[in-house]
Protein chains: 2
Amino acid sequence: MLSKKTKYGLKALTYIARKEGESPVRVSEIAESENIPQKFLESILLTLRKSGVLGSKKGKHGGYYLRHEPSEIKMTDVMRVLEGPIAMVPCVSLNFYEKCDDCPDEEKCSVNKLMIQVRDNTLQVFRNTTLADLSSI
Amino acid sequence: MLSKKTKYGLKALTYIARKEGESPVRVSEIAESENIPQKFLESILLTLRKSGVLGSKKGKHGGYYLRHEPSEIKMTDVMRVLEGPIAMVPCVSLNFYEKCDDCPDEEKCSVNKLMIQVRDNTLQVFRNTTLADLSSI
DNA sequence: TGTATTTCCTATTAAATCGATAGGATTAAT
DNA sequence: ATTAATCCTATCGATTTAATAGGAAATACA
């Protein structure tokens, strides 16, 4: 299940991308327009900023803006920041690998085999999708 | 993230499939061999039985057995029983559809578009994989 | 018939995670 | 100064997850 954090984050990024070129976008504006609790959205955009996807400007006329072109912001990066590992199981994660404590041999593990396939297919989608794709129409 | 329930369930099914033809397999045997808490596994196999994937026999020499050939047990079915919806978001779920309360128009929702792609790719894997595939090797 | 063995069922619990809120500190424009 | 925005930390309630507990029901077999 996709967390609300990720869902809200993606919607907010899309909203900002659609306004690109203009001045920074206020959290309150996004929250209202996308029906997202403002305080919650604040914390989400903060993590996106800390991860380098967004930039921010404080004070009056402040807000958030994209650090790169929408076409250069890949879903792999956004998803890893917001949702964490793309793999469904740590033992097949590329960026967050962890051995299963119950599993003596990954080579022989049926779950491992299956989840590698799922991971590869999901990765393909996220690698080939950018914020520009989400924002069009 | 894949729940332990699903992980354990898949491992147990694989274990049973590899023994097919023999008599029912005891929970305690699976639990020990696969490092799964026995009581937890009991409840998992119970739901698999209630959903029609497994059959069971009580009492001495009892245990669980597959109701169909491994090659006829599709991952779509098993995953839906153990993990629930395959889609990451209810608004793109085929079997568990639910409208988002915050989203006025699914057609224009960027998250919706993206998650449909992920769902379709994941579905393709699960539709083309059977328990026989998991059990081989 | 009785005993051991196994699934079946319900309830409970401890811990983790999630979604959200609260309250104020900091920064910047005017 | 005042206003408006992000930034930061802490906390809370609800839900879910993983696991445990305790026994009821059924079956094989002596």
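Letters A, B, ... mirror the listed sequences (proteins, then strands); counts begin at 1. Both backbone and side-chain heavy atoms feed into the values below; hydrogens, waters and symmetry mates do not. Owing to the predicted nature of the structure, the values given are computational and were not obtained by experimental measurement.
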Under 3.5 Å donor-acceptor, B:Arg18 side chain and B:Ser135 backbone | yes
Would you mind building the protein contact string for nucleotides 5-17 of chain C? One character per nucleotide, 5' to 3', B for base within reach (heavy atoms under 4.0 Å), S for sugar-phosphate only, - for untouched.
-> BBBBB--------
Check: A:Gln117 and B:Met75 side chains under 4.5 Å, non-hydrogen atoms | no
Span of DNA chain D, from the first to the last nucleotide whose atoms fall under 4.0 Å of chain A heavy atoms = D:dA4 to D:dC8
Working to the nearest 0.5 Å, report the span between CZ of A:Arg119 and CG of A:Leu114.
-> 12.0 Å
To the nearest 0.5 angstrom, please state how far the SG atom of A:Cys100 sits from the CD atom of A:Glu106.
-> 6.5 Å
Nearest heavy-atom neighbours spanning A:Glu83 and A:Ser3 | OE1-OG, 2.9 Å
Just do the side chain to side chain donor-acceptor pair (under 3.5 Å) check on A:Glu98 and A:Ser93 with the steps written out, would you?
-> CA-CA 8 Å; A:Glu98 249 179 83; A:Ser93 175; over 6 Å; no
For atom CD of B:Glu69, is the number of surrounding heavy atoms from other residues, nucleotides or ligands below 6.0 Å larger than 12?
-> no
